[in-house]
Amino acid sequence: MDSDGGATTSSHAHTTTVVTTNKAIYLFQQQQLPACRPVLSPPCVIFTFLLVALFFVPAGFILLRASHHVPKFMKAPIYVYYQLDNYYQNHRRYVKSRSDQQLLHGLKYKDTSSCQPEESVNGFPIVPCGLVSWSLFNDTFTFSRGMNELSIDRKNIAWNSDRDHKFGKNVYPYNFQNGTFIGGGKLDPNMPLSDQEDLIVWMRTAALPSFRKLYGRIEEDLDADDIIKGGKNDFLGLAYMFVGSSALIVSVVFTVLHARHKKR
């Protein structure tokens, strides 16, 4: 008797478990499981947009202000760098596309096969040849303090060893950037390579894809809270201001619509 009763109880428990499991699966498949489904009332939505506006507008203003204000007193010389990201100067094909002997001796050095595909144009050699010089950084920057423009000294920005021993004092650009495709900046054909320091800085290739190179120097002291225009990226601050302003406009529109609906 005890044995049969135990078997009956066990079978009933098993049946109950199966029924419960099947019901849970059925509710899950029909998306009827217990869940939190908040109902967004108009005041709640309006309040949410106002919170977004109250956060993003001041944050954007702070970011814009910080991008133009000098954080502390800066004594001259002040070095200005430019930064490139995801630019692979360390690529093997890129690094090898140059001729150090030509940079030093100019047209006197004939073997420039390593400069391919920028070895010659229209049958005439290129000085300086190669992809590295062809892709010379050509962005320009200007800075102003108030209404006065700050001058940037572009001299003495390259290593002395590069300027004196790797670039010829009697080597001048020849047939440079005269092809169908223009890679980057142009060079002064009347100035020797040893004096074109932006080229010398660029030709010292970086080991990593994100790098900074010296652009020039500001030879004036900058005081704390000076407003400097130029050379900064205002995108983040403007984006915050746009999002905050949009949220504020939406909250005002929703408030007006909600007020009209309540009157009806």
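Since this is a predicted model, take the numbers as computed values, not measurements.
- If you check the side chains of Q83 and D85, you find a donor sitting under 3.5 Å from an acceptor.
- Of the listed residues (V127, L104, T112, V132), just one forms a side-chain contact (heavy atoms from CB on, under 4.5 Å) with S99, and that residue is T112.
- Nearest heavy atom pair, residue K213 against residue Q89, reads CE-OE1, 3.4 Å.
- Checking side-chain atoms of S135 against main-chain N and O of G183 turns up no donor-acceptor pair under 3.5 Å.
- By the 6.0 Å contact criterion, CG on N170 is open, its count of non-hydrogen atoms from other residues, nucleotides or ligands being 12 or less.
- Between the side chain of N90 and the backbone N or O of A207, at least one donor-acceptor pair lies under 3.5 Å.
- The minimum heavy-atom distance between P209 and F211, with the atom names listed, is O-CD2, 3.8 Å.
- The main-chain N or O of F242 is never found under 3.5 Å from a side-chain atom of S245 such that the two would form a donor-acceptor pair.
- Without hydrogens or angle criteria, R217 side chain to K155 main chain gives a donor-acceptor distance under 3.5 Å.
- At least one donor-acceptor pair closer than 3.5 Å links the side chain of S97 to the backbone N or O of Q116.
- The aromatic rings of F137 and Y82 lie parallel to each other, with less than 30° between the two planes, well short of the 60° mark.
- Using a 4.5 Å heavy-atom cutoff, the side chains of R154 and Q196 are not in contact.
- Two residues are said to be in side-chain contact when any heavy atoms from C-beta on lie closer than 4.5 Å; F55 and Y240 meet this criterion.
- Note on I200 and L214: separate hydrophobic clusters, where clusters join Ile, Leu, Val, Met, Phe, Trp and Tyr whose side-chain heavy atoms are under 4.5 Å apart, directly or indirectly.
- W202 pairs with exactly one of Y87, W134, F167 by the ring pair (Phe, Tyr, Trp, His ring centres under 6.0 Å) rule, that one being Y87.
- Within a 6.0 Å radius of CZ in R204, more than 12 heavy atoms belonging to other residues, nucleotides or ligands are found.
- In the displayed structure, F73 atom CZ is contacted under 6.0 Å by more than 12 heavy atoms of other residues, nucleotides or ligands.
- The local environment of OH in Y215 is crowded, with over 12 non-hydrogen atoms from other residues, nucleotides or ligands closer than 6.0 Å.
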Quick one, R163 with E197, criterion salt bridge (Lys or Arg N to Asp or Glu O under 4.0 Å). Give me CA distance, side-chain angles, the key distance, then yes/no.
CA-CA 8 Å; R163 186 172 57 245; E197 299 196 38; 3.4 Å; yes
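- The two residues S210 and N86 come nearest to each other via the heavy atoms OG-N, 3.9 Å.
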Intermediate values then yes/no, side chain to side chain donor-acceptor pair (under 3.5 Å), S113 and D111:
CA-CA 6 Å; S113 57; D111 185 11; 3.2 Å; yes
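- Side chain of Q102 to main chain of K110: no donor-acceptor pair is present (N/O by atom type, distance under 3.5 Å, no hydrogens or angles).
- The backbone N or O of A76 sits less than 3.5 Å from a side-chain atom of D221, completing a donor-acceptor pair.
- Salt bridge K166/D100: absent, no basic N to carboxylate O contact under 4.0 Å.
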